[in-house]
Protein chains: 2
Amino acid sequence: MNDKRQDKVTITEVAKHAGVSTATAGRVLGGYGYSRQEIKDRVKQAAEELGYRPNLLARGLITGKTKTIGVVAGDIQSPFYASILRGIADVTRAAGFGILLTNSDEQIERELEAVQLLREKQVDGLIIAPSDLSGSPHLQAAVRDGCPVVLIDRAIKNLAADAVCVDNRAASRDCITRLTDAGHRRIGLVAELERWEGGDITDFLTAVEDGALDSSTLFPSWQRLYGYIDALRSAGLPIDPGLIGRVGVYSSEAARKETQRLLERPERPTALFTADGLMSAAAMHVITSLDLQIPRDLSLICFDDLDWMSFIKPGIAAVVQPLTEMGEAAARLMLARVEGDGSKPQYLALQPKFAARGSIAAPLAL
Amino acid sequence: MNDKRQDKVTITEVAKHAGVSTATAGRVLGGYGYSRQEIKDRVKQAAEELGYRPNLLARGLITGKTKTIGVVAGDIQSPFYASILRGIADVTRAAGFGILLTNSDEQIERELEAVQLLREKQVDGLIIAPSDLSGSPHLQAAVRDGCPVVLIDRAIKNLAADAVCVDNRAASRDCITRLTDAGHRRIGLVAELERWEGGDITDFLTAVEDGALDSSTLFPSWQRLYGYIDALRSAGLPIDPGLIGRVGVYSSEAARKETQRLLERPERPTALFTADGLMSAAAMHVITSLDLQIPRDLSLICFDDLDWMSFIKPGIAAVVQPLTEMGEAAARLMLARVEGDGSKPQYLALQPKFAARGSIAAPLAL
DNA sequence: CTATAATATGAGAACGTTCGCACATTTTCT
DNA sequence: AGAAAATGTGCGAACGTTCTCATATTATAG
């Protein structure tokens, strides 16, 4: 009922108890210099007896390394980030690192605060899903200060940092091609498409036309739109902006509304492509409520494979991103940087898989 | 191409630049003692000019507080923990705390390592989903050392720590009662039921019979079994151990196998209760593959509401646990403790909601 | 107008480690 | 054998803060 913080056994006490200097005790316990076996045993036993536990703050203060990686995720509640984080956690843990987690909710101000906090806590590096792909002075500063940065899911223009992404454009193109191959000519797209500094959808279309766009530093949903355009063009089909459902904000509500708009058009699309998990769930809501039969009334392909897609009937075809692997790769890159790897930044594009399921059929004859 | 770690602007430099002592600069920048407005301005401006950022390690070393909470989740990849974590993150962030995350995979050795690492990193407190409900000397030690511990999802016997749980027994009882009310007499249960020190299912049944069981320190799946038994008893129905699907290990594979066993019994259950998200997904797999119609061939209620349950047809009735709220509550309790609240440990039992959906019907006449 | 309290500042010691250096002792190389 | 290298140990100074204490100065009260 009395003693609270009498715990703290320091290296000094261990040293005293073992009859050596703190330096020697430090060497044994920290495992960094020379020391005789006999001394090692003595110190270790003393530490054991006193219940010594190192104070990693003190160590970090002096070594300048905390063995902690800061992670800025968009929203840890989404299966997307949760899986990536799992990958990061597994790899870092194996290397004895901890992870300090924050959510940005994809908002640059939140990201800024997060990065600031993490850096003040002296993390050894930053793994981050960035919210601003063109400026990000806070990340430029981090890189300049020698704090390794690894980007996930999207890359920042002119930032000398590693990035682990997926070739969204190719994967999306592949999906749409499957649909055109099946005979579809009116293919709807539902995507977030929130931020693009270049303007609106038609601006984007002309920018694509001009070929003046670096798809690797676009937000994923724009890359996926890019692939959609690619596929339609190679199939010789026109691009109807009315079939492009731009949700504009990352919310289930808005996605439902946009899907509903698409599916209630006079000339209903015969196939739908949803550009991420949230959109897919929202689309399913609408499809179910409109009583549309998949794939008879509507073929469907989704970006991101959610658990239910494999066991509802029919199964829903999906692009499955290697999420845990992305996290692992990002963490491995980070560990290499922390250990001093100074080679030039890597852009890693992992290959997604395609889960073919029963949601694709030829369009009904009209 | 040359300068790497020239960044570090310390309080000493700021002090020099502002023409005051480090103590004064510290007071201004740390916001803790007295200082004149004029001095404040001068120091702040100096800090601004030099781009000063406090080193939270140094601060933590001396104050003994890191403004960091350690979290030990089972598996952050599961929506269950992801949601809880989100709640924790929101509340702690608002209070300026960071969270250091680890996964235990529900294994006590992993938990032990995690707790050790977190404590060495000097976290101000530990929020943990414990893997061992009867001993846990490492947590007893934490509490003894004055490191606040808040348990989530389940409580530990004789540990003086706060806990945030859900009344699993009551929620489960409620579900089963809905099924018996609908006329079901053969109700199957699929649950993890991995660890219980008392023995096997029949031992558990007799222990329940004797009323010698504290349900609040059982693992959730056992509490849910308890509720299942409660409900059948009050309905005057016998308990058939053959209807209790004990998966025994937390794996989708095993859950599928066990569900299959139940659904291929000679006298197939007319209703099924799955005791958590993983079990539910596995059960759906099997139900779909056996081509059973819900609710005609089988009524279904699931513990934990997954997104697909609301948009597949028919919808699946589910117990929805207030996960984010649990995380928030745990974090709030933690913050109170960190700020010195020494009142006696609280056991918080949040109320789950029930999402009634079309997966419940009367059993087919035999 | 003095006594007391509140405000304001600085010097220097913490906090618990590791690091640089000096100096012994042992091993290894010509 | 002697020189050089590797190994082993301790002292005391870092690391970048906050804290304690001493000492002013100013405001408030009696």
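Note on naming: letters A, B, ... go to the chains in the order of the sequence lines (proteins, then strands), and numbering restarts at 1 for each one. Fair warning: this is a prediction, and the values are worked out from it, not measured in the lab.
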Could you tell me which residues satisfy side chain to side chain contact (heavy atoms under 4.5 Å, CB included) with [X], sequence neighbours excluded, listed by chain and number?
X       : result
S35(B)  : V28(B), K40(B)
E197(B) : S134(B), K157(B)
A114(B) : V72(B), T102(B)
L117(A) : K121(A), L56(B)

**Sequence-aligned protein contact record of nucleotides 9-20 of chain C, with B where the base is within under 4.0 Å of a protein heavy atom and S where only the sugar-phosphate is** = BBB--BBBBBB-
For [X], all residues meeting salt bridge (Lys or Arg N to Asp or Glu O under 4.0 Å), sequence neighbours excluded:
X       : value
R93(B)  : E113(A)
R195(A) : none
R154(A) : E106(A)

**Request:** Find the bend of the helix from dC1(C)-dG30(D) to dT30(C)-dA1(D) as the angle between its two terminal axes (five pairs each), to the nearest 10°.
**Result:**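 Here the local axes at opposite ends form an angle of 20°.
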**Prompt:** Starting at NZ of K40(A) and ending at P of dT7(D), how long is that distance when rounded to a whole Å?
**Reply:**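 The answer, rounded to whole Å, is 11 Å.
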**Asked** Tell me the salt bridge (Lys or Arg N to Asp or Glu O under 4.0 Å) pairs involving residues 324-336 of chain B, sequence neighbours left out?
**Response**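 Every candidate salt bridge (Lys or Arg N to Asp or Glu O under 4.0 Å) pair involving residues 324-336 of chain B fails, so no pair, neighbours aside, qualifies.
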**Request:** Could you list all the salt bridge (Lys or Arg N to Asp or Glu O under 4.0 Å) pairs where at least one residue sits in residues 9-34 of chain B, not counting sequence neighbours?
**Result:**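 Matches after skipping sequence neighbours: none remain.
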For nucleotides 26-28 of chain D, give me every protein contact, N/O to N/O, under 3.5 Å, one pair per line with atom names.
none

**Message:** Looking only at the side chains, is there a donor atom on one of Q37(A) and D41(A) sitting less than 3.5 Å from an acceptor on the other?
**Reply:**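 Result is yes, a qualifying pair exists.
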